[in-house]
There are 2 protein chains.
Amino acid sequence: MVTPRTLRTRARILDAALDLFENQGYDGTTVNQIAEAAGVTPMTFFRHFPTKDAVLVTDPYDPLIAEAVGAQPVGLPPLERTRLGLLAALGEITPTEDSTARRRVALVATSPSLRAAMSAGTEATRDAIVERLTADGVDRLDAAISASACLAATTAALLAWGSAPSDVTLADLVRRALAQLAPAGATA
Amino acid sequence: MVTPRTLRTRARILDAALDLFENQGYDGTTVNQIAEAAGVTPMTFFRHFPTKDAVLVTDPYDPLIAEAVGAQPVGLPPLERTRLGLLAALGEITPTEDSTARRRVALVATSPSLRAAMSAGTEATRDAIVERLTADGVDRLDAAISASACLAATTAALLAWGSAPSDVTLADLVRRALAQLAPAGATA
DNA sequence: CGCCGAATTGTTAGTGGCTAACATTAGGGG
DNA sequence: CCCCTAATGTTAGCCACTAACAATTCGGCG
């Protein structure tokens with residue numbers, strides 16, 4: 001049941017949080033401050049966001065990515081399958097970019113605790129990929145290695161994007177990152 | 001000044017912590033419980049370990065690794081330099097393995113919060129590598145991508161080692177992990 | 001062997017993230 | 001426009017972690 005009221009409150013909290021984070025830093029901002037700025041109780045904050053970092057860190061793309069990886073030719077080595085899968089998924093994700101995406105990424109890059117939260121989120125994506133690969137008979141460790149390496153490269157690109165000139169697109173950086181993992185430095 | 005007393009207390013806390021973590025899980029154990037089991041005040045715990053997770057997560061190898069990466073031929077692409085550097089460093093690190101290493105790794109693998117702490121530690125290693133590579137003129141983003149990917153693969157191997165049969169060595173797994181990042185699936 | 005002083009530990013009080021249980025309010029569908 | 005339910009508030013509390021100051025212990029020195 002998604003009532004309009006819920007959406008309004010959530011948006012108020014989110015706005016207040018982004019403002020405060022940008023003005024006084026993530027670690028320098030308390031949940032109480034966010035709640036007060038949003039005209040709300042701290043308790044209400046946690047009803048809308050399970051943790052403080054959830055305001056900035058979300059990734060709902062796991063199934064999409066796992067599917068894209070699975071769609072690559074089964075004969076390829078797992079690293080290559082994962083790499084091509086991520087590149088394919090990129091096309092479907094980037095358009096969805098909402099306007100605050102860059103602000104959020106830039107903020108995540110500033111705080112170790114936030115990057116830790118993001119890396120926790122990435123684990124879920126990695127696990128989704130690993131499940132998909134092992135389903136095709138790939139060894140579990142090999143799958144974990146491939147997925148971890150590709151996602152780490154992608155994450156590096158993502159963080160760089162946060163502070164890149166505004167004409168640089170995320171897709172460009174991710175392509176560049178994954179190109180480095182291509183076999184024998186292929187230009188693909 | 002490393003007095004014997006300090007070492008004893010530290011060892012008592014460490015033993016108590018490992019026992020409790022293994023018996024009731026990391027997240028199911030409070031610092032107070034550890035302190036009590038070690039016959040010490042919670043405050044004293046934090047004087048010996050800056051955080052709860054510091055009992056399990058440490059990596060003093062950053063300079064060694066960065067140096068090993070720098071020692072690889074400058075002409076190679078950054079990914080390959082990093083990869084070979086890590087393999088070289090592996091030889092000097094593994095012997096140091098103390099007996100609790102495997103227990104610790106196995107514990108880290110069990111808790112998301114611990115893996116997050118480890119990933120924060122890995123960032124320091126990554127930064128050390130990036131500094132070393134950029135010093136040789138490598139583009140910063142390229143360096144970050146290479147270091148992130150190689151370290152992620154290594155971490156995957158490390159975590160797998162925690163629950164691997166006892167005749168499997170860490171070095172074996174890491175070599176296998178980094179082999180996947182080798183150009184054109186070379187056997188080296 | 002005992003004493004002195006520095007290093008280690010304890011005490012107290014507090015902050016911030018986060019949760020549980022229960023009471024209260026408010027908004028929108030009928 | 002009223003009522004019912006979803007949303008919010010209230011209170012109390014746990015846990016990781018920190019600061020400032022007081023109390024100890026212990027090891028090296030005479």
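Both backbone and side-chain heavy atoms feed into the values below; hydrogens, waters and symmetry mates do not. In the text below, chain A, chain B and the rest are named by the order of the sequence lines, each starting its count at 1.
- In this structure, CD of A:E36 is placed 12 Å from P of C:dG16, rounded to the nearest angstrom.
- Residue A:R8 contributes atom CZ, which lies 17 Å from atom P of D:dA6 at whole-angstrom precision.
- Of the residues A:V40, A:T3, A:L14, the one that meets the side-chain contact (heavy atoms from CB on, under 4.5 Å) test with A:T9 is A:V40.
- Straight-line distance from the CG atom of B:L7 to the C1' atom of D:dC26: 14 Å, rounded to whole Å.
- With D:dT8, C:dT8, D:dA6 as the choices, the nucleotide that has an atom nearest any side-chain atom of A:T3 turns out to be D:dA6.
- A straight line from CZ of A:R5 to C1' of C:dG29 spans 14 Å, rounded to a whole angstrom.
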Verdict with reasoning, A:R104 to A:E22, per salt bridge (charged side-chain N to carboxylate O under 4.0 Å, His left out):
CA-CA 10 Å; A:R104 293 155 98 120; A:E22 281 172 349; over 6 Å; no
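- As judged by a 4.0 angstrom heavy-atom cut-off over every strand, A:T29 is placed among residues touching the sugar-phosphate backbone only.
- Distance CG (A:D27) to P (D:dT18): 13 Å, rounded to an integer number of Å.
- Ranked by how close their nearest DNA chain C nucleotide is to the 5' end, A:M43 and A:N32 are led by A:N32.
- Across all strands, A:P42 comes closer than 4.0 Å to no nucleic acid atom at all (heavy-atom distances).
- At the heavy-atom level, A:R10 lies nowhere under 4.0 Å from the strands shown.
- Here C:dT8 presents its C1' atom at 17 Å from CZ of B:F45, a figure rounded to the nearest Å.
- Counting non-hydrogen atoms under 4.0 angstrom, A:T30 reaches the backbone sugars and phosphates but no base.
- Judged by the 6.0 Å and 45° rule, B:K52 forms no cation-pi pair with B:F46.
- Between B:H48 and C:dT8 there is no side-chain N or O to OP1 or OP2 distance below 4.0 Å.
- Nearest nucleotide to the B:T51 side chain, out of D:dT10, C:dG28, D:dC17: D:dC17.
- The pair B:D19-B:R103 meets the salt-bridge criterion, with a side-chain N (NZ, NE, NH1 or NH2) lying under 4.0 Å from an Asp/Glu carboxylate O.
- Closest to the side chain of A:K52, from the set D:dG9, D:dC26, C:dC18, is C:dC18.
- Nearest-nucleotide positions on DNA chain D for B:P4 and A:V40 put A:V40 closer to the 5' end.
- When distances are taken from the side chain of A:T41 to each of D:dG9, D:dA7, D:dT8, the shortest belongs to D:dG9.
- Checked against D:dC17, C:dC18, C:dG10, the side chain of B:F46 finds its nearest nucleotide in D:dC17.
- Side chain to side chain, A:Q24 and A:Q33 meet the donor-acceptor criterion of an N or O pair below 3.5 Å.
- To the nearest angstrom, C1' of D:dA16 lies 16 Å from CZ of B:F49.
- Taking 4.0 Å as the cut-off between side-chain N and carboxylate O, A:R10 and A:D15 do not count as a salt-bridged pair.
- What separates CD1 of B:I13 from P of D:dA16 is a distance of 14 Å, to the nearest Å.
- Taking only side-chain nitrogens and oxygens, B:T9 never comes nearer than 4.0 Å to OP1 or OP2 of C:dT8.
- Evaluation of atom-type donor-acceptor distances gives a pair under 3.5 Å for the side chain of A:R47 against the base of D:dG9.
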